[in-house]
Amino acid sequence: MCGRYAASRSAGELAGLFGVEKWDPAEELAPDWNVAPTKQVYAVLDRPLKDSGDPRPVRQLRTLRWGLVPSWAKSPDAGVKMINARAETVHEKPSYRRPFTARRCLLPADGYYEWVTGTAERQEEEKGRRKRPRKQPYFVTPADGSVMAMAGLYEFWRDRTLPEDHPQAWWATCTVITTEAQSEPFAGAGGDGPRSLADIHPRMPLVLTPDRWDAWLDPARTDAEDVRGLLVPPPAGAMRAYPVRGEVSNVRNNGPELLEELDAPEAGTLF
């Protein structure tokens, strides 16, 4: 799954990386090394500019709330549970099938966090000696240091309790598409730690390689089966993973030190 990630690149840098034509400096987000659901996040999308009269899709960098609220939802509370959409069923689920064929986006990240219960901790848990086993966070990031472009969907929700011209009358929300984690060794795998992303967690964000960005964002692609053909994870070995400090588990902690690589998992959480 993807329940926490890091996104420290500036709007200007992302605009250059993704060929963005339009973005609002007033929506600039501060670097965030501990992005959690319900936060505002950057999204790259192709969409005609509002009130421009030009139907041509324009590549934009927008800020969206993480946690998709379906357009038909009675309240925005559903968004808290809709932070991830499974690639295997996204085309058929009522909450996702419309945006899947019409409102796709890329969610830029430095990488994502996932938590592993170490072997020793699991053994203690099986003996009933610990109710909540301590977990070791790992950071998964492109091995070459490039931006991670997670496949996403976005949707608009109208708050009918507010007038049309109210600044909060419309919510723009998003979700991250996930897929089965790769079982092949990730870059630099070795030692006593996990050797593949599947060793860390059975699911992972669907990361799209640059050669698929344009096709994924193209709003003219509306055939579900055609779009499903784009849901291909990156080549094996394109990612690396390493242990990081347990402080990332608390969403109030935020800073570049959360990405610092540990020489070994913290005590009590050896894989």
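Just so you know, residue 1 is the first one in the sequence shown, and it goes up from there.
- No side-chain donor from either of T178 and N84 sits under 3.5 Å from a side-chain acceptor of the other.
- A salt bridge between E260 and R245 is present, with a side-chain N of the basic residue lying under 4.0 Å from a carboxylate O of the acidic one.
- Looking at T141, its side chain does come within 3.5 Å of a backbone N or O of D110 through a donor-acceptor pair.
- Counting heavy-atom neighbours within 6.0 Å of E92 CD, excluding the residue itself, gives a total above 12.
- Side chains of N34 and N253: no donor on one and acceptor on the other come within 3.5 Å.
- A side chain to side chain contact (heavy atoms under 4.5 Å, CB included) with T173 is found for one member of T38, L153, V69 and no other, namely V69.
- Applying the salt bridge (Lys or Arg N to Asp or Glu O under 4.0 Å) test to every pair with at least one member in residues 143-159, sequence neighbours left out, gives these pairs: R103-E155, R158-E164.
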**OP:** Could you give me the CA-CA distance, side-chain angles and deciding distance for R203 and E88, then say whether salt bridge (charged side-chain N to carboxylate O under 4.0 Å, His left out) is met?
**Re:** CA-CA 12 Å; R203 306 290 296 177; E88 297 86 348; 2.9 Å; yes
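- Other residues, nucleotides and ligands contribute over 12 non-hydrogen atoms within 6.0 Å of the CD atom of Q40.
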**OP:** Tell me, with the steps shown, if L106 and L208 meet side chain to side chain contact (heavy atoms under 4.5 Å, CB included).
**Re:** CA-CA 8 Å; L106 293 171; L208 294 180; 3.8 Å; yes
What side-chain donor-acceptor pairs closer than 3.5 Å can you find for residues 11-25, not counting sequence neighbours?
residue	atom	partner	partner atom	Å
E13	OE2	R9	NE	3.4
E21	OE1	R56	NH1	3.4
E21	OE2	R59	N	3.4
D24	OD1	A26	N	2.9

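- No close placement of the Y154 and W66 rings is indicated, their centers lying 6.0 Å or farther apart.
- For T175 (side chain) and M82 (main-chain N/O), a donor-acceptor pair under 3.5 Å exists by modelled atom type.
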